[in-house]
There are 2 protein chains.
Amino acid sequence: MKFAKIPMATITRLSVYMRTLQDLLEDDVDVISSERLARLCGVNPAQIRKDLAYFGEFGVRGVGYRVGDLLGQIKEILGLTRRWNLAMVGLGNLGSALIRHANFLKHGYMFTAAFDVDPQKVGKRLPNGLVINHVNEIEEVVKEREVNVGLITTPASAAQSVANQLVLAGINGILNFAPVQIQVPDCCHVENVDFTISLDTIAYHLSVSS
Amino acid sequence: MKFAKIPMATITRLSVYMRTLQDLLEDDVDVISSERLARLCGVNPAQIRKDLAYFGEFGVRGVGYRVGDLLGQIKEILGLTRRWNLAMVGLGNLGSALIRHANFLKHGYMFTAAFDVDPQKVGKRLPNGLVINHVNEIEEVVKEREVNVGLITTPASAAQSVANQLVLAGINGILNFAPVQIQVPDCCHVENVDFTISLDTIAYHLSVSS
DNA sequence: CAAATTATGTGAATAATATCACATAACTAG
DNA sequence: CTAGTTATGTGATATTATTCACATAATTTG
């Protein structure tokens with residue numbers, strides 16, 4: 001596929017729309033207007049139409065969007081009609097919790113490797129059946145199991161080194177939970193998940209409004 | 001304090017600057033230029049200067065910024081010179097992991113309450129000493145312990161109801177980890193942390209570039 | 001089958017955000 | 001104490017993103 005320049009924000013919203021559509025589908029809603037979907041997603045109705053317009057015409061004028069169809073189209077756009085293999089690096093509290101978190105599976109993501117430095121952990125079997133490998137086996141295991149995305153849940157101090165190894169292993173996508181800015185070549189896309197930033201934002205808002 | 005209209009994005013970046021400055025301070029760096037700080041934070045140098053300019057003049061022309069001073073100023077701006085009491089609602093894998101995650105404490109945040117619906121969990125003591133209360137005690141406990149921010153790590157289906165109770169208890173800030181858009185009155189500020197969205201974004205980037 | 005209704009798709013207008021580029025101020029060295 | 005150097009602070013500019021407003025197309029009703 002080839003698309004025009006798509007705003008980054010559009011992509012994140014598509015993901016939100018997708019989830020809401022999934023809920024609607026489960027509730028047997030089969031048609032929805034941009035207005036109603038917008039309310040559910042907390043955005044402007046025109047925003048939804050603009051976002052979708054980057055990729056084509058998916059609605060029916062005077063009617064709305066067929067929930068199932070639109071859901072399928074968005075999955076297609078986001079590349080979620082295939083399986084993506086994930087590797088978790090760092091099996092502390094957070095990593096272990098996330099790997100158990102069922103939410104990932106629902107969307108075609110699958111953990112196929114797990115790494116840690118702790119010799120106590122290496123060799124142990126996780127609840128999902130995965131056996132933990134040592135971090136210095138990243139390159140080998142990632143290639144063998146065709147891992148597409150690496151999740152970093154190590155301490156901040158280890159994150160950059162892990163990222164380097166993932167890149168070396170040919171990985172092009174990293175989801176970084178460590179509270180540092182990691183540096184990678186352009187071929188690799190990094191997304192950061194950082195709750196301390198979100199908490200700080202809340203602290204700021206509470207401070208200024210009181 | 002009273003500020004002009006500050007871009008939302010500025011606030012999140014201040015949090016990033018703060019963390020980097022903390023690292024620099026630990027490494028005994030005492031002066032840093034916007035250019036070097038920018039490289040470390042992955043932003044444009046002018047961006048940093050603009051962001052700071054909303055709040056005053058913190059640098060020395062021809063020299064740069066004194067790391068310790070700037071760090072203090074940013075903490076002041078974000079409202080992080082005081083303590084913020086947190087309540088965790090939902091003690092499944094994720095909630096339990098987060099509450100153990102030491103990172104929060106480093107920044108003046110403190111868990112002072114924890115809630116769950118599971119009768120098996122209510123009454124149990126967490127590693128940090130907190131005893132889990134039942135969700136329907138939210139209003140009472142939140143007021144008593146002067147909780148400022150609620151963290152929601154329940155399943156999506158329960159998130160809205162929990163949010164309602166938090167708001168009712170007088171809470172003005174919510175950090176929502178549940179993958180739904182929760183609705184709250186304007187007096188309450190909600191930040192969402194959603195890794196499935198980030199993962200979807202990665203999937204999209206991997207799809208279009210191959 | 002025409003008129004009324006509804007909700008999409010989209011150009012134009014607006015708003016928000018980021019970057020450039022340079023005048024300004026501090027420091028350094030001769 | 002003057003000239004040179006450096007890096008801030010900021011108005012002007014460019015870029016990006018959001019919202020408005022309406023023409024357009026599908027559907028329904030009389």
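Per chain, numbering begins at 1; letters A, B, ... match sequence-line order.
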field: Smallest separation among heavy atoms of B:Gly90 and B:Thr154, with atom names
entry: CA-CG2, 4.0 Å
- request: Would you mind reading off the distance between A:Lys50 atom NZ and D:dA21 atom C1', rounded to a whole angstrom?
  value: 11 Å
- line: Between A:Phe58 and A:Leu52, the two heavy atoms sitting closest are CE1-O, 3.6 Å
task: Please state how far atom CZ in B:Arg66 lies from atom C1' in D:dA7, giving the value in whole angstrom units.
output: 14 Å
field: Any residue meeting salt bridge (Lys or Arg N to Asp or Glu O under 4.0 Å) with A:Arg49, in chain and number order, not counting sequence neighbours
entry: none
query: Of B:Leu86, B:Asn128, B:Leu151, which is the lone residue that meets side chain to side chain contact (heavy atoms under 4.5 Å, CB included) with B:Ile99?
result: B:Asn128
query: Of all of residues 21-39 of chain A, which get a heavy atom below 4.0 angstrom from DNA chain C, listed by number?
result: A:Ser33, A:Ser34
query: Side-chain N or O of A:Arg13 less than 4.0 angstrom from OP1 or OP2 on D:dA17?
result: no
statement: Note: chain A reaches DNA chain C at heavy-atom distances under 4.0 Å over the stretch, first to last nt, 5' to 3', of C:dT6 to C:dA12
- prompt: So with a 6.0 Å cut-off around CD of A:Glu144, is the heavy-atom count from everything else above 12?
  reply: yes
message: Please give me the minimum heavy-atom distance between A:Phe55 and A:Thr10, naming the atom from each residue.
response: CE1-CG2, 4.2 Å
- request: Locate the shortest heavy-atom distance separating B:Ile182 from B:Ala159; write the atom from each residue and the value.
  value: CG2-CB, 3.9 Å
- prompt: Where each residue is assigned the nucleotide of DNA chain D containing its nearest heavy atom, which of A:Val63 and A:Thr10 is assigned the position nearer the 5′ end?
  reply: A:Thr10
- line: Taking for B:Phe58 and for A:Pro7 the nucleotide of DNA chain D with the nearest heavy atom, the one nearer the 5' end belongs to B:Phe58
task: Kindly determine whether B:Met18 and B:Leu78 satisfy side-chain contact (heavy atoms from CB on, under 4.5 Å), including the steps that lead there.
output: CA-CA 10 Å; B:Met18 182 178 72; B:Leu78 292 177; 4.2 Å; yes
